[in-house]
Novice: 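Structure in structure tokens, see below.
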Amino acid sequence: MENVDNCPRCGRLFMKALRDICDHCKKELDQRFEKVYKYMRVRENRAATIEQVVEATEVPEDDISRFVKEGRLKPRQFPNLTYPCDACGTAIQEGRICESCREGINKDLKTLETEQNVKDRLTQEERAKYKTYQSLDLDGEKRK
Ligand SMILES: [Zn+2]
Ligand SMILES: [Zn+2]
């Protein structure tokens with residue numbers, strides 16, 4: 001039963017193997033996507049912001065964000081559609097996090113890497129010392 005999980009969108013139990021949300025949500029989202037896409041396809045609406053789309057289609061902002069995030073609505077075609085950064089909520093159009101969060105994470109990663117390097121070097125040196133010690137000891141044994 002490891003493939004059964006609660007749908008992150010509605011909380012129902014569903015089979016996780018096929019997709020990350022349940023069938024009910026998938027159907028609902030598909031219908032809502034059609035609605036949003038129909039609206040967005042109209043030339044004058046291409047530059048609509050999420051708020052305007054919500055107002056016109058009555059589709060919740062979360063769902064529209066999801067469409068943009070999943071690439072179903074392309075920011076290249078619809079320049080004012082955005083979704084919130086996973087970390088801080090800033091409006092973004094690609095990736096999972098915004099520029100400044102990415103920079104912050106990169107910095108953290110670098111610090112982590114440096115720390116890891118220092119640790120690795122230490123253990124290597126320690127290991128080398130230990131090896132030398134062992135082989136000296138062995139040689140001593142052999143000599144006996
Ligand atoms: Zn669901
Ligand atoms: Zn951010």
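Counting convention: from 1, in listed order, for ligands and their atoms alike.
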Novice: Hey, is the main chain of Met40 close enough, under 3.5 Å, to the side chain of Asn45 for a donor-acceptor pair?
Specialist: no
Novice: Inspect the surroundings of CD in Glu70 and state if more than 12 heavy atoms from other residues, nucleotides or ligands are less than 6.0 Å away.
Specialist: yes
Novice: Which pairs pass side chain to side chain donor-acceptor pair (under 3.5 Å) with one or both residues in residues 85-100, sequence neighbours excluded?
Specialist: Lys69-Asp86, Asp86-Arg96
Novice: For the Zn ion (ligand 1), what is the number of protein N, O or S atoms at a distance under 2.8 Å?
Specialist: 4
Novice: Determine, for Tyr37 and Arg72, whether the Lys NZ or Arg CZ falls below 6.0 Å from the six-membered ring centre while staying within 45 degrees of the axis.
Specialist: no
Novice: Which value, rounded to 10°, describes the SG(Cys98)-the Zn ion (ligand 2)-SG(Cys101) angle?
Specialist: 110°
Novice: Begin with the C-alpha distance, continue with both residues' side-chain angles, and end with the deciding distance and a verdict on salt bridge (Lys or Arg N to Asp or Glu O under 4.0 Å) for Glu28 and Arg32.
Specialist: CA-CA 6 Å; Glu28 193 177 54; Arg32 287 179 174 178; 3.6 Å; yes
Novice: Quick one: does Asn3's side chain have a donor or acceptor within less than 3.5 Å of a partner on Lys16's backbone?
Specialist: no
